Amino acid sequence: MQTKPRQKVLAMNLIKELTWRGMLQDIMPGTEEQLNKEMTTAYVGFDPTADSLHIGSLVPILLLVHLQKAGHKPIALVGGATGMVGDPSGKSEERNMLSEEELNKNIIGVRGQLEKFLNFDVSLPNAAELTNNYDWFKGISFLDFIRDAGKHITVNYMMAKDSVKKRLEGDSGMSFTEFTYQLVQGYDFYWLYNNKNCKLQMGGSDQWGNIVTGTELIRRKTGGEAFAFTCPLIKKADGGKFGKTEKGNIWLDANKTTPYQFYQFWLNASDSDAATWIKIFTFLPEVEINSLIAAHDSNPADRILQKKLAEELTKFVHGDAELEKAKETTEKLFSNAKASVDSLSVEDLESIEGIVKTNYSVDKINAGVDILSFLAENSIFESKGAARKMLQNGGVSINREKITDLQMMVDKNKLLHNKFILIQVGKKNNFLITVD
RNA sequence: GGGCAGUUACCAGAGUGGCCAAAUGGGGCGGACUGUAAAUCCGCUGUCUUUCGACUUCGGUGGUUCGAAUCCACCACUGCCCA
């Protein structure tokens, strides 16, 4: 062992590392040998369907990070070409195609985020790279493509894919565009294999079929061998969709999902999810994770795992400073939730980060506003009717006091430190209104 | 091209002339309990509204009728079978 070159030892560990973390679903025979043999270039594709990635993309990003740590060379591919066609996998609703401007904006956004997680220092032999498949697809005509790529793959082969079979059996049908998708993606792999010596593709397990089409295309066109492995799709133990909340996706962009909200998302993980996720989403070593899990089991109420998970991830995505702010805000809004509002100083209120803040006219407060109008006017609810329903359900607190009186007037007596009103809807939705 | 089935709210899915803003389940939201949990129980879940009520929905357009998600015509889309 010790006599082997460094990268070989590390490479050995990559598959092992991913295995104990539960990040390995399918692996093509020979992949581990390839990784042991030499520094291997590998890629993962990302869809530029929005100008930010969300936490669903975090696992593929982490695969690239692990890969680079193990001494291999990661390529992050942004799907400019595939994004232009649009993935038609929705059903009755035709997906609106992205305009070129939008797409370019998205590509820039996604690239910017990927850059934060990988090391692009060109002096490294395994410096990360970013590519955009539009760069090669823009020069390929339809005829070129069907002769060049389509000739090598039979329809029978493509139909045998699970993703296709399911759609044929189901009642939603499948468009030609969608059917050819695996071939388009397969061509990406082929192109990277030829031009970047990229021999490995990784991705979520839903990508397995598409990835294999790529290795097949490479084999038939070049006789060469390419490899692949996938990671399991992240699920919640209760079967719910991972990464979605009532407010939508959890984004990696702080402007779309504040670090506080990001931190809260992980903090709210269920016990069993936290135990699974901490292996996948953090870089903590196995020994440490095991002891954290043991500590958590002995006293679940402390939520040791959730806290550690939230900390590590918020730090990874948003950095130390933002993590600290998120924790402070959490402290103010939850840890002292039973204490009266008076315990919050002006500074405390002013420095609360990441929750919804609005301004309200001082004149209206002086005159007094009924509670329903007040809530609606501050966009806390869409209408007075919605506000009323929530009040009747006992879901609204002002300055930590539950409001039950629908006729209540909001006036200057309600102001904290003469300028703030703290509103809670449910336990977790906080609004700070500044009156000036 | 021919035959059959279908299109209902976030999803699934009842509803075949008035009692339908539309059963039920899931999901979501809020409450109680708790650990900012799980399980359980309760409430809300078309829009607006001082619970009265008003308005807009059942693929689309037009029609029949005092009255249509429901009947008729045409159109669109989807699935299955035959060619």
Side-chain angles (χ1 to χ4, degrees), chain A residues 88-95 166-176 178 235-249 260-278 293 295-311 314 326-339 352 354-355 368-377 380-398 400-410 422-431:
Chain A
S89 53
K91 359 173 218 192
S92 55
E93 205 177 333
E94 184 72 19
R95 183 180 280 239
K166 272 183 195 148
R167 291 293 293 275
L168 292 178
E169 285 160 11
D171 45 45
S172 54
M174 184 178 209
S175 72
F176 178 70
E178 197 164 351
K235 289 195 201 102
K236 294 206 289 184
D238 64 10
K241 266 191 192 151
F242 170 74
K244 299 257 170 128
T245 67
E246 68 284 1
K247 291 172 197 85
N249 281 318
Y260 163 74
Q261 289 163 337
F262 186 86
Y263 179 84
Q264 283 285 321
F265 172 80
W266 299 103
L267 192 64
N268 281 308
S270 71
D271 289 356
S272 59
D273 285 339
T276 314
W277 293 353
I278 198 160
I293 290 175
H296 183 273
D297 285 346
S298 70
N299 187 7
D302 274 355
R303 294 186 299 152
I304 292 168
L305 282 176
Q306 283 91 335
K307 284 177 187 163
K308 190 71 180 171
L309 179 68
E311 273 177 30
T314 308
K327 284 172 75 173
E328 271 173 42
T329 300
T330 297
E331 184 80 8
K332 283 169 197 160
L333 293 177
F334 289 101
S335 300
N336 307 317
K338 283 172 191 133
I352 289 178
I355 66 170
V369 201
D370 69 278
I371 179 73
L372 294 175
S373 305
F374 179 73
L375 292 172
E377 284 172 23
I380 291 170
F381 293 100
E382 289 192 0
S383 69
K384 291 201 220 170
R388 173 176 303 103
K389 280 176 188 163
M390 192 55 77
L391 277 169
Q392 284 168 338
N393 272 322
V396 180
S397 296
I398 289 191
R400 299 221 170 122
E401 275 177 45
K402 186 164 286 187
I403 305 302
T404 47
D405 177 11
L406 297 184
Q407 323 297 335
M408 195 190 93
M409 297 301 285
V410 177
L422 184 64
I423 294 181
Q424 286 163 280
V425 178
K427 279 181 188 136
K428 297 172 187 174
N429 307 296
N430 293 278
F431 301 84

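The chains referred to below are lettered A, B, ... by the order of the sequence lines, with proteins before strands, and numbering in each begins at 1. Bear in mind that the values here come from a model prediction, so they are computed numbers and not experimental data.
On the P atoms, B:rA21 is 12 Å away from B:rA68, given to the nearest whole Å. A gap of 12 Å separates the C1' atoms of B:rC58 and B:rG46, to the nearest Å. Atom name P, nucleotides B:rG67 and B:rU50: the rounded distance is 33 Å, in whole Å. Across B:rG26 and B:rG13, the matching C1' atoms stand 11 Å from one another, rounded to whole Å. Using C1' as the reference atom, B:rU78 and B:rG17 are 28 Å apart when rounded to the nearest Å. Nucleotides B:rC74 and B:rC4 place their P atoms 14 Å apart, quoted to the nearest Å. Nucleotides B:rU47 and B:rC11 are separated by 15 Å at their P atoms, to the nearest Å. B:rC72 and B:rG18: their P atoms are spaced 15 Å apart (whole Å).
Taking atom CE on A:Met390 and atom P on B:rG28, their separation rounds to 15 Å, with Å as the unit. Atom pair A:Leu305:CG and B:rA38:P shows a separation of 16 Å (rounding to whole Å applied). The CZ atom of A:Phe262 sits 21 Å away from the P atom of B:rU36 (whole-angstrom rounding). Remark: C1' of B:rG46 and CD of A:Glu382 are 12 Å apart, rounded to the nearest angstrom. Rounded to an integer number of Å, the gap from CG of A:Asp370 to P of B:rU49 is 11 Å. Put simply, CG on A:Asp297 is 18 Å from P on B:rA38, counting in whole angstrom units. Distance A:Asn268 CG to B:rA37 P: 7 Å, rounded to the nearest Å.
Separation of atoms OG1 (A:Thr329) and CG (A:Asn430) is listed at 9.5 Å; rounding is to 0.5 Å.
Within the shown strands, B:rA12 is the pairing partner of B:rU24 under the Watson-Crick or G-U definition, both distances less than 3.5 Å. When Watson-Crick and G-U wobble pairs are counted only if both distances are under 3.5 Å, B:rU40 pairs with B:rA32. Base-pair partner of B:rC4: B:rG79 (Watson-Crick or G-U wobble, both distances under 3.5 Å).
Aromatic ring pairs are classed by plane angle as parallel below 30°, tilted from 30° to 60° and perpendicular above 60°; the pair A:Phe265 and A:Trp277 is parallel.
With sequence neighbours excluded, the residues satisfying side-chain contact (heavy atoms from CB on, under 4.5 Å) with A:Gln392 are A:Arg388, A:Leu406. Remark: A:Thr276 pairs with A:Ile280 by the side-chain contact (heavy atoms from CB on, under 4.5 Å) rule, at least two apart or across chains. The side-chain contact (heavy atoms from CB on, under 4.5 Å) check on A:Ala386 picks up A:Phe381, A:Ser383, with sequence neighbours excluded. The side-chain contact (heavy atoms from CB on, under 4.5 Å) test applied to A:Ala376 returns A:Lys384, not counting sequence neighbours. The ring-ring contact (aromatic ring centres under 6.0 Å, His included) search around A:Tyr260 returns none, not counting sequence neighbours. The side chain to side chain donor-acceptor pair (under 3.5 Å) check on A:Asn393 picks up nothing, with sequence neighbours excluded.
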For nucleotides 31-35 of chain B, tabulate all protein N/O to nucleotide N/O atom pairs closer than 3.5 Å, reporting atom names and distance.
unit_1 : atom_1 : unit_2   : atom_2 : d
B:rG31 : O4'    : A:Asn393 : O      : 3.4
B:rG31 : O3'    : A:Lys402 : NZ     : 3.1
B:rA32 : OP1    : A:Lys402 : NZ     : 3.2
B:rU34 : O4     : A:Lys427 : NZ     : 2.3
B:rG35 : O6     : A:Asp271 : OD2    : 3.4
B:rG35 : N1     : A:Asp271 : OD1    : 3.2
B:rG35 : N1     : A:Asp271 : OD2    : 2.9
B:rG35 : N2     : A:Asp271 : OD1    : 2.7
B:rG35 : N2     : A:Gln306 : NE2    : 3.4

What nitrogen or oxygen pairs link the protein and nucleotides 50-54 of chain B at under 3.5 Å?
unit_1 : atom_1 : unit_2   : atom_2 : d
B:rU50 : OP2    : A:Arg388 : NH2    : 3.3

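Using a distance-only test at 3.5 Å, with no hydrogens or angles considered, a donor-acceptor pair links the side chain of A:Asn429 to the main chain of A:Val425.
Considering only side-chain N and O atoms, A:Asn429 lies nowhere under 4.0 angstrom from the phosphate OP1 or OP2 of B:rU36. Within the structure, a side-chain polar atom (N or O) of A:Ser383 is placed less than 4.0 Å from OP1 or OP2 of B:rU49.
Using a 4.0 Å heavy-atom criterion, one finds that A:Leu267 contacts the bases of the nucleic acid, with or without backbone contacts as well.
Listed by first then second residue, pairs satisfying salt bridge (charged side-chain N to carboxylate O under 4.0 Å, His left out) with a partner in residues 298-311 of chain A read A:Lys308-A:Glu312, A:Glu311-A:Lys327, not counting sequence neighbours.
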